[in-house]
Amino acid sequence: MRVLFRWLAALLFIAVVVQIALAGYGAFHAVHAADHKAISQTTINNAFNPHIALGYIIVLLMLVLLVVAALGRLERSSILRASGILVLGIVQAFLGIASESVPAIGPLHALNALAILAATGALAHRTSARTSAGEAAPAT
């Protein structure tokens with residue numbers, strides 16, 4: 001389970017990086033479309049659909065990460081980190097939904113994305129560094 005947890009942590013970090021790139025694509029696609037014609041809601045939705053879809057997949061991955069940590073009886077710190085990441089992901093989904101009605105919430109969505117990037121990056125680094133250092137798995 002420890003190896004699965006390590007791979008999920010790395011996959012989650014990569015997915016978050018791609019997610020941020022997709023947000024940038026959505027924003028700049030909308031700007032580009034506006035330069036060529038009147039932009040419609042459909043154009044904006046089409047540009048952000050991959051970002052939205054991956055966002056829900058990421059929250060699901062966060063849940064799987066927590067389940068693997070708990071079922072694998074990993075150390076308490078791994079379970080707490082996975083729990084914190086899942087909470088950030090759930091908050092992110094709600095912020096994204098709320099931002100559509102209240103644009104002033106949008107910056108919180110962006111800032112929370114940075115917190116998720118930092119948390120998943122730190123977890124991926126922590127799990128890979130432990131393996132690289134040859135640290136033995138603690139007995140459970």
Side-chain angles (χ1 to χ4, degrees):
M1 286 291 221
R2 189 171 304 280
V3 172
L4 179 58
F5 184 80
R6 181 175 70 241
W7 281 102
L8 280 172
L11 176 64
L12 188 56
F13 174 68
I14 291 166
V16 169
V17 170
V18 171
Q19 177 71 341
I20 292 170
L22 287 174
Y25 169 78
F28 286 103
H29 178 77
V31 169
H32 177 74
D35 283 345
H36 298 286
K37 62 181 176 174
I39 190 167
S40 69
Q41 186 64 40
T42 302
T43 302
I44 294 170
N45 288 345
N46 289 342
F48 279 100
N49 281 341
H51 173 76
I52 293 166
L54 182 57
Y56 288 115
I57 292 168
I58 287 173
V59 173
L60 182 60
L61 277 173
M62 291 171 171
L63 177 61
V64 170
L65 183 76
L66 177 59
V67 168
V68 167
L71 291 179
R73 297 184 181 158
L74 299 185
E75 60 275 356
R76 186 171 186 259
S77 64
S78 292
I79 295 171
L80 288 175
R81 283 182 174 89
S83 298
I85 287 170
L86 178 59
V87 168
L88 286 172
I90 292 168
V91 168
Q92 187 70 345
F94 283 115
L95 288 172
I97 292 165
S99 295
E100 291 182 17
S101 299
V102 184
I105 296 174
L108 297 176
H109 183 72
L111 291 172
N112 194 55
L114 295 177
I116 291 170
L117 179 68
T120 58
L123 181 64
H125 175 73
R126 180 178 176 270
T127 59
S128 69
R130 180 180 300 157
T131 302
S132 299
E135 184 178 304
T140 56

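Count residues from 1 along the sequence. This structure is a prediction, so every number in the text was calculated from the model and none was measured.
Counting only N and O atoms by type, the side chains of T127 and R2 include no donor and acceptor under 3.5 Å apart.
Legend: ring-ring contact (aromatic ring centres under 6.0 Å, His included) pairs involving residues 10-35, not counting sequence neighbours, sorted by first then second residue: Y25-H29, H32-H36.
Q92 contributes a side-chain N or O that, together with a main-chain N or O of H109, makes up a donor-acceptor pair within less than 3.5 Å. Between the side chain of N112 and the backbone N or O of V91, no donor-acceptor pair lies under 3.5 Å.
For the pair L66 and F5, the minimum side-chain heavy-atom distance is 4.5 Å or more. Side-chain contact between V64 and L12 is absent, with no heavy-atom pair separated by less than 4.5 Å. L65 is not listed as a side-chain neighbour of L86, based on a closest heavy-atom distance of 4.5 Å or more. Side chains of I79 and S83 form a contact here, defined as non-hydrogen atoms less than 4.5 Å apart.
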Using the side-chain contact (heavy atoms from CB on, under 4.5 Å) rule, take V3 and W7 through it: C-alpha gap first, then chi angles, then the decisive distance, then the call. CA-CA 6 Å; V3 172; W7 281 102; 3.5 Å; yes
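A distance of 10.0 Å separates CG of N49 from OG1 of T42, quoted to the nearest 0.5 Å. Summarising the geometry, atom CG belonging to L54 is positioned 8.5 Å from atom CG belonging to L61; distances are rounded to the nearest 0.5 Å. With rounding to the nearest 0.5 angstrom, the CG atom of L8 is 12.5 Å from the OG1 atom of T120. With rounding to the nearest 0.5 Å, the separation of CG in L74 from CE in M1 is 8.0 Å. The CG atom of N45 sits 9.0 Å away from the OG1 atom of T43 when rounded to the nearest 0.5 Å. The distance from atom CG of N46 to atom CD of Q41, rounded to the nearest 0.5 Å, is 10.0 Å.
Under a hydrophobic clustering in which Ile, Leu, Val, Met, Phe, Trp and Tyr are joined whenever their side-chain heavy atoms come within less than 4.5 Å, directly or via other members, I57 and L88 fall into the same cluster. Residues I20 and V17 fall within the same hydrophobic cluster, defined by Ile, Leu, Val, Met, Phe, Trp and Tyr side chains chained together at heavy-atom separations under 4.5 Å. Residue L108 is grouped with residue V87 when hydrophobic side chains (ILVMFWY) are merged at heavy-atom distances under 4.5 angstrom, including chains of intermediate members. L60 and Y56 fall into different hydrophobic clusters, where Ile, Leu, Val, Met, Phe, Trp and Tyr residues are linked whenever their side-chain heavy atoms come under 4.5 Å apart, directly or through other members. Note on V18: it clusters hydrophobically with I116, by side-chain heavy-atom contacts below 4.5 Å among ILVMFWY residues.
Of all non-hydrogen atoms in I58 and A15, the two that sit nearest each other are CD1-O, 3.5 Å. Across all non-hydrogen atoms, the minimal contact from I85 to M62 is O-SD, 3.4 Å. The minimum heavy-atom distance between P50 and Q19, with the atom names listed, is O-OE1, 4.4 Å.
When R6, R73, R126 are each tested for a side chain to side chain contact (heavy atoms under 4.5 Å, CB included) with S78, only one passes: R126.
In terms of the ring pair (Phe, Tyr, Trp, His ring centres under 6.0 Å) criterion, F94 has no residue partners (sequence neighbours excluded).
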For residues 95-102, run the donor-acceptor check on the side chains, cut-off 3.5 Å, and write out each pair with its distance to 0.1 Å, sequence neighbours left out.
from : atom 1 : to   : atom 2 : distance (Å)
S99  : OG     : L95  : O      : 2.6
S99  : OG     : G106 : N      : 3.3

